[in-house]
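Count residues from 1 along the sequence.
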Amino acid sequence: MRLLVIAAVAASAVALPAAAQTMSKPEFSVSGGYARYVDGSDEWDGHSVTGRATARFNRYFGVEADLAVGIGSSEILGVDVSMNHNIAGYAVAYLPLSENADLFARVGYGTTEFDLEFGGTTVTDNFDGATMGIGGQYFFDANNGVRMDVTRHEYDELDGGLDSVAFTYVRRF
């Protein structure tokens with residue numbers, strides 16, 4: 001956790017002085033792929049299809065919206081636990097490594113909804129709070145690339161929060 005926070009602060013410190021620099025035009029991209037969510041226990045494993053929309057205002061700063069839709073469920077002590085969705089928004093600081101490769105840190109706010117089913121009854125519960133992550137992306141050409149990120153979801157109501165790892169295809173416009 002400390003390493004994640006230090007990396008986010010370091011990336012922000014590098015990006016903020018350069019935030020006044022502009023690209024010739026803002027860059028927009030969408031990405032889609034797979035994300036795995038874990039809560040630190042051996043019992044629950046959340047799998048999802050994830051999608052993002054990103055607006056990059058200059059080489060060093062952007063914003064993104066993230067939506068993950070849960071697939072599958074886990075049974076814990078007779079309770080069927082499934083993640084319905086995760087929705088989050090982020091400010092993103094980029095560290096360009098080359099024309100085609102970036103490292104990034106992101107910080108934002110998100111909410112995750114779960115269904116708990118037991119004895120024919122379904123209970124829906126939401127958890128929300130701060131989110132932060134780090135990752136990298138590489139573009140094969142001007143428009144197509146891949147991305148990997150690790151994100152921490154700090155939810156006070158959910159003991160231990162959640163961690164996610166995502167692998168996505170990125171299409172830049």
Side-chain angles (χ1 to χ4, degrees), residues 1-38 45-72 83-113 126-155 161-173:
M1 176 64 182
R2 264 191 215 145
L3 181 60
L4 190 61
V5 171
I6 291 168
V9 169
S12 296
V14 169
L16 289 178
Q21 297 178 8
T22 59
M23 298 166 47
S24 60
K25 62 180 182 166
E27 215 174 68
F28 299 97
S29 64
V30 294
S31 61
Y34 168 80
R36 179 177 179 213
Y37 288 75
V38 295
D45 213 359
H47 302 274
S48 70
V49 174
T50 190
R52 296 188 179 97
T54 304
R56 191 166 174 174
F57 304 119
N58 58 48
R59 289 180 47 112
Y60 303 99
F61 182 74
V63 295
E64 68 185 25
D66 192 337
L67 170 65
V69 176
I71 51 178
M83 182 179 87
N84 289 337
H85 63 266
N86 178 70
I87 301 170
Y90 298 92
V92 184
Y94 295 94
L95 178 61
L97 301 177
S98 72
E99 280 295 315
N100 295 335
D102 295 303
L103 295 178
F104 60 86
R106 63 189 193 151
V107 62
Y109 191 84
T111 184
T112 305
E113 181 181 275
N126 289 309
F127 301 97
D128 42 346
T131 57
M132 62 201 89
I134 56 174
Q137 59 187 7
Y138 179 79
F139 286 90
F140 304 113
D141 57 33
N143 298 348
N144 301 293
V146 291
R147 168 183 165 145
M148 183 270 187
D149 61 79
V150 177
T151 303
R152 175 73 184 158
H153 307 263
E154 281 291 329
Y155 301 150
L162 298 173
D163 296 309
S164 66
V165 176
F167 299 92
T168 57
Y169 161 77
V170 182
R171 176 70 179 175
R172 196 162 44 183
F173 301 99

How long is the straight-line distance from [atom2] of [Y] back to [atom1] of [X], given to the nearest 0.5 Å?
X	Y	atom1	atom2	answer
Thr131	Glu154	OG1	CD	10.0 Å
His85	Thr111	NE2	OG1	6.0 Å
Thr54	Glu27	OG1	CD	10.0 Å
Phe28	Arg171	CZ	CZ	15.5 Å
Gln137	Ser31	CD	OG	8.5 Å

For [X] versus [Y], what's the shortest heavy-atom pair and its separation?
X	Y	value
Thr151	Arg106	OG1-NH2, 2.7 Å
Ala166	Thr50	CB-CG2, 4.5 Å
Phe173	Ser29	CD1-CA, 4.1 Å
Pro96	Arg56	CG-NH2, 4.2 Å
Thr168	Arg52	CG2-NH1, 3.7 Å

If you define the side chain from C-beta out and look only at heavy atoms, does anything of Met148 sit under 4.5 Å from Val150?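 Yes - at least one pair of side-chain heavy atoms lies under 4.5 Å apart.
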Measuring only between side-chain heavy atoms, which start at C-beta, is Leu97 closer than 4.5 Å to Leu103?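 Yes; the side chains approach each other to less than 4.5 Å.
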Is it the case that the side chains of Tyr94 and Asn58 hold a donor-acceptor pair, with the cut-off being a distance below 3.5 Å and no angle test?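 No donor-acceptor contact under 3.5 Å links the two side chains.
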Using the rule given for side chain to side chain contact (heavy atoms under 4.5 Å, CB included), can you reason through Val146 versus Phe167, listing the C-alpha separation, both sets of side-chain angles and the distance that settles it, and then say yes or no? CA-CA 7 Å; Val146 291; Phe167 299 92; over 6 Å; no
Which one of Tyr90, Tyr37, Phe127, Tyr109 satisfies the ring-ring contact (aromatic ring centres under 6.0 Å, His included) criterion with His153?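 It is Tyr37, the one option of Tyr90, Tyr37, Phe127, Tyr109 that forms the ring-ring contact (aromatic ring centres under 6.0 Å, His included) with His153.
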Donor-acceptor contact present, side-chain Ser48 to main-chain Ala35, <3.5 Å: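 A pair under 3.5 Å: yes.
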If you apply the rule side chain to side chain contact (heavy atoms under 4.5 Å, CB included), what do you find for Val38 with Asp45, and how did you get there? CA-CA 5 Å; Val38 295; Asp45 213 359; 3.6 Å; yes
Can you name the one residue among Asp128, Thr112, Asn126 that meets side-chain hydrogen bond (donor to acceptor under 3.5 Å, both in side chains) with Tyr155?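 Result: among Asp128, Thr112, Asn126, Thr112 is the only option passing the side-chain hydrogen bond (donor to acceptor under 3.5 Å, both in side chains) with Tyr155.
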